[in-house]
Amino acid sequence: MMTSVAKHRMSFGHAPARARLFILFLAFSLSPALGAAQIKILEFQPDVPVCRAERLITLHLTLGNDGARDEQGTVELHLPPVVELIKGNRNTPFAFRDGAGELTLSWTVQASQEGRHELAVEVKPVSGSPVRQTLNLLFLPSVTIEKADRIPDPQPVATDILVGAHHCPLWEKDRPEIWRNVIRHPERTPALGFYCQEQPEVADWETKWAVEHGISFFVYCWYRASQGGPVETRLSSAIHEALFHSRFQDKIRFAIMWENQRRGVAGIANEEDFLQNLLPYWIENYFRRPNYLIIDRKPLLFIYRPEYLIQDLGSVEKVAQAFAKARELCRQAGFDGIYLLGEYRGTNPKHLQLMKDLGLDYTFAYVWPVPNNPSPEEAIRAQLDYIKKTQELNILPQVITVSLGWSGWRDEGSIWKLPPEDFERLMREAKAFAKTLPPEQLGSRIILLDNWNEWGEGHYIGPHREFGFGYLDAVRRVFAGNAATHLDLLPEDIGLGPYDLPIRAYYQRERESRQKARTWVKPIVSDEALVAYWTFDENKDEVAAFDYSGHRLGGILHQIERVKGWRGTALDCRGGSMIVPTDERLSDWAQMSVECWIRTDQPDQDNRWIINRVFGGAETSGFRLGILRGRPSFQIPVTAWSHHLVGKEPLPQGRWVHIAGTFDGTTMRLYMDGHEVGRMERSGSVRNNNRPIVVGNYDVDHAAHFVGELDEVRLYSRVLTPEEIASRAAQPAEK
């Protein structure tokens, strides 16, 4: 029989389910105590990837309310004199009603002049403080051109050195989540939008933009799907579906960089696999194509992590032997051999010597690492030092790469970026240095640019929202300085596109789900330190799991179902998950507690996570609760992956078990069924990160998932006492 509390829970969230969605949401700001209304700006962006003068654009403003009370007020739109308001009001009222957590307002504007213009909104709620956000938008020059049903032919420009760009082929239609970091950094939005790379017209535009600015070849990252048999590829649509069907494929050359980093999958099983499977595949599918990059009658093969081949083949000598045989097979195929270039981003002479001993012809960098969040000047000097040091060591010849930035996929590590004018200065110095290299070496004839389209990782020169064609125009000035003036076209200039409809639809569904999860529902527990409370007692088909603490920290279910629980319904954890938006309220605590009820019939689970906020790239922050070696585990790291507290008793099977972890600023404690089963000393606060909370799994679609049922998850910003925990654990399961 359902308890009165459970019935109360079931009164919320009866809307029908949408498609199975998940989201690593945009970061939300710290909110005030329950009862107040806190209005904040979640997003303020244009509706087009890149803006152009004398063209209408729509500005969208999304507001969020983190408090328990509905709120209303006005929004003031501030525009510079050169930007005209075409549709909408400069003072627009807004109102949150019926517990809604988000709402969106829109205006249509038009800039009369090109250039960078600052737009702003000021949100003035009836209660609470005003919130202001500015938007610094680049408007490209206006163009007047007839609409067309096809892209105008490229007009390549000549250069005095061969210029190539690394190309990151990750942007496939069925991988919409790959755009997550671009959502956090909308200034990176490509001119093609969140495009699907398998479309030939995408390759057409990339070729046109590249060759018209002096870039004559791309080096595509190339991924093997499995090793030891006939070659199967992954993430190859940019080459096979787009480039190979592009109208302009004869206008640009290409090479591949073998991504040999996934051990046991992406490499080779043995020498036979390399010489009879992999190399013949490359020869027939790439090297023989008329637009493959061939110099001195030798195809260029770039290799990422070539040192991993030592383990694949057994020794340095065997790798060198295999490479020698590959050169001979290429000669038998009609070439004069093959140039083998190994990726390395350092100046350790031992590693360079190892690469030489492997039989590689050249070293190159995919990206240059520059530590300590450098200024543009520091980033330029560091790269030139790498390049000059490599040459001074005189161990292995180099092909120079110049990098414009780095952020990592989740803004981890050293973060930096060169604006176009600084990147231009770096390219000029690198070009001058390349001219000093021996003329018979490739390094005197080739320069690599990093990167065409690493949008998520923070290094990209393709046209985009923040700088438009700024990087490409810099490339053109450095390497094709005598070229005539040109017109940089966007797809919408001639009525083509969009190329991002599937991704756009995905994120629209995601926004709708996020809005649903942020709905305020009445708290069912009175505790000011209760940060979040998920009961999972919503309607069986509800895609959202609401937060019954009153803080709007609901989550979205992904490939996970509700089943009978300890009370009401629970999550059936078999690989699915619930994703809770990243929020500053979810860690950075001096104290904390986490508790839940779990049930499993599978013994000896290991490295299985029930509630997780500790990830690679954020391994020194967050917290998690799970199972290690068949025993409950609670972690709050200080150093990478440290402070795993493991219980001294195994997790029982076949019944509901209460698990809790507490932290008082000095000591972590772990409880099972109301009894302390472990403690560990640890000082300092729980460090915040920008990751979501994943419930029921380590991460979305991850193998390290808990197997069993999960119910009644609560997070606190205080320490639950042993008496409180014992009292909770003594409560009987619902019959």
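Predicted model, so just to flag it, every value in this text is computed and none were measured.
Within the cation-pi definition used here (under 6.0 Å to the ring centroid, within 45° of the axis), Arg289 qualifies as a partner of Phe244.
We find that Arg476 and Asp488 are not joined by a salt bridge, their nearest charged nitrogen and carboxylate oxygen being 4.0 Å or further apart. Ion pairing between Arg331 and Glu328 holds under the 4.0 Å rule for side-chain N and carboxylate O. Salt-bridge check for Lys431 with Glu429: failed, with every basic side-chain N at 4.0 Å or more from each acidic carboxylate O. Comment: Glu421 does not engage Arg425 in a salt bridge, judged by the lack of any side-chain N to carboxylate O separation of less than 4.0 angstrom. Taking 4.0 Å as the cut-off between side-chain N and carboxylate O, Lys173 and Glu241 do not count as a salt-bridged pair. A salt bridge links Arg345 with Glu343: at least one charged nitrogen is closer than 4.0 Å to a carboxylate oxygen. The residues Lys388 and Glu392 are annotated as not salt-bridged, no charged nitrogen and carboxylate oxygen being separated by less than 4.0 angstrom.
The aromatic rings of His240 and Tyr281 are tilted relative to each other, their planes meeting at an angle between 30° and 60°. Relative ring orientation between Phe274 and Trp258 is described as parallel, the plane-to-plane angle staying below 30° on a 0-90° scale split at 30° and 60°. The aromatic rings of His464 and Tyr471 sit parallel, their planes meeting at an angle under 30°, below the 60° perpendicular limit. Note: His459 and Trp406 have tilted aromatic rings, judged against thresholds of 30 and 60 degrees for the angle between ring planes.
Side chain of Tyr344 to main chain of Pro306: no donor-acceptor pair is present (N/O by atom type, distance under 3.5 Å, no hydrogens or angles). Counting only distance, with no hydrogens or angles, the side chain of Asn270 and the backbone of Glu272 share a donor-acceptor pair below 3.5 Å. The main-chain N or O of Pro438 is never found under 3.5 Å from a side-chain atom of Gln441 such that the two would form a donor-acceptor pair. Of the possible polar contacts, none joining the Asn260 side chain to the Ile303 backbone as a donor-acceptor pair under 3.5 Å is found. Side-chain atoms of Asn453 never come within 3.5 Å of backbone atoms of His167 as a donor-acceptor pair (strictly under, hydrogens ignored). No donor-acceptor pair closer than 3.5 Å links the side chain of Glu454 to the backbone N or O of Tyr460. Put simply, the side chain of Arg247 gets close to the backbone of Ile151: a donor and an acceptor are under 3.5 Å apart. No side-chain donor-acceptor contact under 3.5 Å links Asn372 to the backbone of Pro374.
Using modelled atom types, one finds no donor on one side chain facing an acceptor on the other under 3.5 Å when comparing Tyr195 with Trp205.
The shortest distance between side-chain heavy atoms of Met427 and Phe479 falls below 4.5 Å. Val402 is listed as a side-chain neighbour of Phe423, based on a closest heavy-atom distance under 4.5 Å. Residues Arg297 and Phe335 have side chains not in contact (no heavy-atom distance under 4.5 Å, counting atoms from C-beta outward). For the pair Pro190/Trp179, a side-chain contact is recorded, criterion being any heavy-atom separation below 4.5 Å from C-beta on. Looking only at side-chain heavy atoms (C-beta outward), Ile294 and Leu300 stay at 4.5 Å or farther from each other. Taking the side chain as every heavy atom from C-beta outward, Asn688 and Arg613 approach each other to under 4.5 Å. In this structure the side chain of Leu138 never reaches within 4.5 angstrom of the side chain of Arg465, judged on heavy atoms.
The minimum heavy-atom distance linking Asn277 with Asp273 is given by the pair ND2-OD1, 2.8 Å. Contact between Leu192 and Val202 at its shortest, heavy atoms only, is CD1-CG1, 3.8 Å. Across all their heavy atoms, Asn373 and Ile415 have their closest contact at OD1-N, 2.7 Å. Considering all non-hydrogen atoms of both residues, Arg188 and Asn181 come closest at NH1-ND2, 3.5 Å. Considering all non-hydrogen atoms of both residues, Ile295 and Tyr339 come closest at O-CE1, 3.4 Å. Nearest heavy atom pair, residue Leu396 against residue Asp361, reads CD1-O, 3.8 Å.
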Run Ser246 and Asp204 through side chain to side chain donor-acceptor pair (under 3.5 Å) and show every step you take. CA-CA 6 Å; Ser246 168; Asp204 292 346; 2.4 Å; yes

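Heavy-atom contacts from other residues, nucleotides or ligands closer than 6.0 Å to NZ of Lys389 number 12 or fewer.
With Tyr386 as the partner, the ring pair (Phe, Tyr, Trp, His ring centres under 6.0 Å) test is satisfied by one option alone out of Trp368, Phe433, Phe364: Trp368.
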